[in-house]
Chemist: 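A single structure is presented below for examination.
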Amino acid sequence: MVNTTTTAGLIGVVLLARHGDRTAYYQSPTTYNSTQAYITPLGEQQEFELGSFLRNTYLNPNSPSFIQNISTDVVNIDQLTVRADAGGGNVILNSAYALLQGLYPSTKKSEITLANGTTVFPPLGGYQYVPVESLEFWQSPSLTSWMECEYFQYHLARIYASSAFINMSTTAAPFLTALKPYLGSVSNNFTNMWNIYDHVNVQYTYNKTYYETLPPTFLQQARYYSDWLQRNVFTDSVQNGIGQIPIRTLLPEVFWALGNMTKTSNQVKMNIQEIDYKPFISLFNVTNATVTDPEITGTVNYASVVALELSQNSQGQHEVSMKFKNGTQDSQFRQLKMFGNTSITLDSFINQLFWTTINSTNNWCFSCNQTVLRGCSVFNYSNDPFLNGYGTGYTG
């Protein structure tokens, strides 16, 4: 059911934000396990600007997307929940801090007066300290669910053996041969396309000689082929396929956050998940957003954000709308469609996707056929009748 008449303002919003620009890092083509990377000053600025954009969108009383009863200048930490992937260096966690600096910038209004009459200002001109939950790799697979997932590795092998991959690899071969002198020690095998693009992009951004000598269109071509590969790696032919796993482990947090926002006792108005690029690709696929907006199928830009906005229509039903801003490329949000609609009821949103979710470490271990790593050794599947593949979400 689609509803278009809503009450003034929003009840709350769940934000999925990609980290900012970072140093180079490597992802294994056979596992997508990665090395560490670190945020750059450019990345910090991108995230700060994203936070400022979100501030103007959701904390400005004159904005049509203003969140009802949210604190606008001095942060009320009970109204915010912020979580960030802390694995793989500091890039994602520090991106969250930079975003929050733009969302709730320093202000003298955050002063307090002590019992003896002394007025105290926070340091750095009134810097506002917002708690961020850092989720380490070993704590939970929620934000890095593809890593150490055996069925996901089968999924990768299946892709590399497919006719579509072989055909695209053949098409890309002349370009990759021409690009080889600009790759240093990076392999130009098509399975390595993500690392190829990342190397070219980082060098083009920070190496002046590289910037001046790289042939025109090479960066764009590398991005095109990388996007094609990432789109195939992090989607699947069915909603609960293992290729969709980056969003399948994140959706339970989204459902929980939106559901809590409908309760009168709830104080949280904004839930922020600072993440990698992978869940965006899967999210757009499982919601059919790419059907009407096919240009969003690839890797989102640094400091991109998806907003799942919660409102209430004139019939009292809670509705969810999905918007997207592709980094600094977009100056404003663009409205996306989920399942063909710009707005759907919260119940419908959950019902259409809940069956695809992986909502616990136990469930993840089973869905990935992992019995040892990431806390899976504590679970005993020896007597589980489903171990032969039924219910795992693996469709290979």
Side-chain angles (χ1 to χ4, degrees), residues 18-19 21-37 88 91 144 146-147 149 152-207 210-211 213-237 241-247 275-282 284-285 290 294-302 304 326-327 329 396:
R18 188 189 177 192
H19 59 80
D21 180 76
R22 49 152 180 78
T23 58
Y25 86 142
Y26 173 79
Q27 292 190 131
S28 166
T30 57
T31 64
Y32 273 75
N33 290 348
S34 59
T35 59
Q36 291 193 341
V91 58
T144 53
W146 58 91
M147 298 177 70
C149 179
F152 179 74
Q153 294 171 22
Y154 293 170
H155 167 73
L156 288 171
R158 181 183 62 184
I159 289 172
Y160 298 153
S162 68
S163 58
F165 178 87
I166 293 170
N167 291 338
M168 186 60 78
S169 177
T170 300
T171 300
F175 165 67
L176 292 176
T177 299
L179 186 63
K180 181 63 176 174
Y182 302 93
L183 293 180
S185 61
V186 176
S187 167
N188 70 339
N189 189 291
F190 192 63
T191 60
N192 201 42
M193 198 64 237
W194 189 91
N195 292 309
I196 292 170
Y197 168 70
D198 191 64
H199 174 82
V200 173
N201 185 52
V202 171
Q203 293 300 314
Y204 190 79
T205 302
Y206 291 101
N207 185 326
Y210 197 94
Y211 175 84
T213 58
L214 185 71
T217 78
F218 272 32
L219 178 63
Q220 291 75 15
Q221 288 185 76
R223 174 68 181 261
Y224 170 80
Y225 288 120
S226 176
D227 279 352
W228 183 90
L229 183 56
Q230 298 314 290
R231 179 169 66 249
N232 282 272
V233 167
F234 294 108
T235 62
D236 217 309
S237 57
I242 201 67
Q244 320 271 29
I245 198 168
I247 197 61
I275 53 177
D276 198 355
Y277 69 90
K278 302 168 183 72
F280 291 89
I281 299 175
S282 301
F284 295 154
N285 187 255
T290 55
E295 73 278 6
I296 65 173
T297 57
T299 303
V300 300
N301 294 331
Y302 291 135
S304 289
N326 195 10
Q329 173 182 314

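Just so it is clear, the structure is predicted and the values come from calculations on it, not from any experiment. The chain is numbered in sequence order, starting from 1.
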Chemist: Measure up the Tyr25 and Trp194 rings against each other and bin them: parallel (under 30°), tilted (30 to 60°), perpendicular (over 60°).
Modeler: perpendicular

Chemist: Could you verify whether a donor N or O on one side chain and an acceptor N or O on the other, from Asn192 and Asn195, lie under 3.5 Å apart?
Modeler: yes

Chemist: Could you give the distance from OG (Ser28) to CD (Gln153), rounded to the nearest 0.5 Å?
Modeler: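 So the gap between those two atoms works out to 8.0 Å.
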
Chemist: Only distances under 3.5 Å count here; give the side-chain donor-acceptor pairs of residues 169-182 to other protein atoms, sequence neighbours excluded, each with its distance to 0.1 Å.
Modeler:
| unit_1 | atom_1 | unit_2 | atom_2 | d |
| --- | --- | --- | --- | --- |
| Thr170 | OG1 | Ile166 | O | 2.9 |
| Thr171 | OG1 | Asn167 | O | 3.0 |
| Thr177 | OG1 | Ala173 | O | 3.0 |

Chemist: Are the side chains of Val200 and Leu183 in contact, using a 4.5 Å heavy-atom criterion?
Modeler: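 They are in contact (side-chain heavy atoms under 4.5 Å apart), so the answer is yes.
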
Chemist: Roughly how far, to the nearest 0.5 Å, is the OH atom of Tyr197 from the CE atom of Met193?
Modeler: 10.0 Å

Chemist: Taking Tyr225 for the side chain and Ile196 for the main chain, is one N or O donor matched with an acceptor at less than 3.5 Å?
Modeler: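 Between the backbone of Ile196 and the side chain of Tyr225 there is no qualifying donor-acceptor contact (under 3.5 Å).
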
Chemist: Can you list the steps and then say if Arg223 with Asp227 is a salt bridge (charged side-chain N to carboxylate O under 4.0 Å, His left out)?
Modeler: CA-CA 6 Å; Arg223 174 68 181 261; Asp227 279 352; 3.1 Å; yes

Chemist: So Phe152 and Phe234, do their side chains get closer than 4.5 Å, heavy atoms only?
Modeler: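 Side chain of Phe234 against side chain of Phe152, heavy atoms only: contact under 4.5 Å found.
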
Chemist: Test Leu214 against Leu219 for side-chain contact (heavy atoms from CB on, under 4.5 Å), laying out the working first.
Modeler: CA-CA 8 Å; Leu214 185 71; Leu219 178 63; 4.2 Å; yes

Chemist: Can you see which heavy atom on Ile296 is nearest to which on Phe284, and at what distance?
Modeler: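 Answer, listing the atom of Ile296 first, then Phe284: O-CD1, 3.4 Å.
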
Chemist: Counting only N and O atoms by type, is there a donor-acceptor contact under 3.5 Å from the side chain of Thr235 to the main-chain atoms of Arg231?
Modeler: yes

Chemist: Are Thr191 and Phe165 close enough that some pair of their side-chain heavy atoms sits under 4.5 Å apart?
Modeler: yes

Chemist: Any donor-acceptor pair under 3.5 Å linking the side chain of Ser304 with the backbone of Gly327?
Modeler: yes

Chemist: Do Val233 and Ile159 have side-chain heavy atoms sitting under 4.5 Å apart?
Modeler: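 Yes. Closest side-chain heavy atoms under 4.5 Å.
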
Chemist: Taking all non-hydrogen atoms of both residues, which atom of Ser282 and which atom of Ile247 are closest, and how far apart?
Modeler: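 What the structure gives for the nearest pair is CB-CG2, 3.5 Å.
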
Chemist: How many angstroms lie between atom OH of Tyr224 and atom CG of Leu229, to the nearest 0.5 angstrom?
Modeler: 12.0 Å

Chemist: Under 4.5 Å between any side-chain heavy atoms of Thr205 and Tyr211, yes or no?
Modeler: no

Chemist: Quick one: pull up OH in Tyr26 and OG1 in Thr35 and give me the separation to the nearest 0.5 Å.
Modeler: 9.0 Å

Chemist: Is His155 close to Trp146 at the side-chain level, that is, under 4.5 Å between some pair of heavy atoms?
Modeler: no

Chemist: Rounded at 0.5 Å granularity, tell me how far CG in Asp276 sits from CZ in Arg18.
Modeler: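 Answer rounded to 0.5 Å: 6.0 Å.
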
Chemist: Can you check side-chain contact (heavy atoms from CB on, under 4.5 Å) on Asp198 and Val202, steps first, answer last?
Modeler: CA-CA 6 Å; Asp198 191 64; Val202 171; 4.1 Å; yes

Chemist: If you define the side chain from C-beta out and look only at heavy atoms, does anything of Ile242 sit under 4.5 Å from Asp236?
Modeler: yes

Chemist: So among Asn201, Asp21, Thr23, which one has a side-chain hydrogen bond (donor to acceptor under 3.5 Å, both in side chains) with Tyr206?
Modeler: Asp21

Chemist: Does atom CZ of Phe218 have more than 12 heavy-atom neighbours, drawn from other residues, nucleotides or ligands, at distances under 6.0 Å?
Modeler: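 Yes.
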
Chemist: To the closest 0.5 Å, what do you measure between CZ (Arg158) and CG (Asn232)?
Modeler: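 Nearest 0.5 Å value for the CZ-CG distance: 10.5 Å.
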
Chemist: Go through the steps for Tyr32 and Lys278 under the test side-chain contact (heavy atoms from CB on, under 4.5 Å), then give the verdict.
Modeler: CA-CA 11 Å; Tyr32 273 75; Lys278 302 168 183 72; 4.1 Å; yes

Chemist: Determine whether Met147 and Thr31 make a side-chain contact, defined as any pair of heavy atoms from C-beta on separated by less than 4.5 Å.
Modeler: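 They are not in contact (no side-chain heavy atoms under 4.5 Å apart), so the answer is no.
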
